[in-house]
Amino acid sequence: MDEKFARLSGFMFAVLLFCQAAGSMDLKLNDKLALVTGSTAGIGYACARGLLREGARVIVNGRTQPAVDAAIAQLKTETGRTALGFAGDMSTAGAANKLFAAYPNVEILVNNVGSFQAKPFLETTDADWESLFQLNVMSGVRLSRLYLPGMKSRNWGRVIFISSESGLQIPVESIHYGMTKSAEISIARGLAELMAGTNVTVNSVLPGPTKSRALNTFVDRAVAQGANREELEKKFFTDFRPTSLIKRFAEPDEVASLVVYVASPLSSATTGAALRVDGGVVKSAF
């Protein structure tokens, strides 16, 4: 059997079994300590909520304390469980070090924090490239460097980079963003190789166009100015992501459901993989 097909078949079989029993399956995440960066909204928030619902202890991260406090309060309302919190700008080494000092025993690291900038390549500055690189890439590099030794010594851990289909199909409207997402895929694969022979897995998850806070803000603003919400979405997939098979924006929970599974002990044979939840945007079966 072709090696790529075998890997894909094994993973999809595991996901199928998971989905069939999702209502009753125990993901064995009780009391696992998880950190989700950039988790006050969007995909990060959905990941934090999903992990809490599965019994994990979750550290919520955002830039400001009010944002973190608001997310923790909302999560308490939605799950009945109280998350931990850390406010800090994860594009800086200082914040990463303070986070590690506050919570040194993280078992599940979801490197989610990131930013997008739509800007023509010829108009981008060095500062534009550096800003996205520090937040999207180096935040995950620093935290992985801090937490992987502990995971390795305990012989269990999960590191997940939230990359994007834009890491495979570089968007012409944001080449510097696509670069950061390609980098995350490469880093995740390299770290998985580094952890070979252990029970520490490293993977990247590649969402497609998803209803993030930034997207919702943009759409709401356009609607307020008279645009039609449904027509906006239709035009986006006609003009910018014509290869999408679902022809709609994904919900954050649709991404988070895969992330929570990959974070669990049940995903023990899945490592070094770039797992797509992109609505079929990437025009490849592998």
Check: [Y] and [X] side chains under 4.5 Å, non-hydrogen atoms:
X	Y	result
R241	P171	yes
V106	L143	no
S264	R158	no
L109	M151	yes
L99	Y147	yes
F116	S212	no
V68	T40	yes

- Message: If you count heavy atoms of other groups shown closer than 6.0 angstrom to NZ of K119, is the number above 12?
- Response: yes
Please determine if [X] and [Y] form a salt bridge, counting it only when a charged side-chain N lies under 4.0 Å from a carboxylate O.
X	Y	value
E107	R154	no
E233	R229	no
K181	E184	yes

- Say whether, by atom type as modelled, one donor and one acceptor occur between the side chain of S174 and the main chain of Q117 under 3.5 angstrom. yes
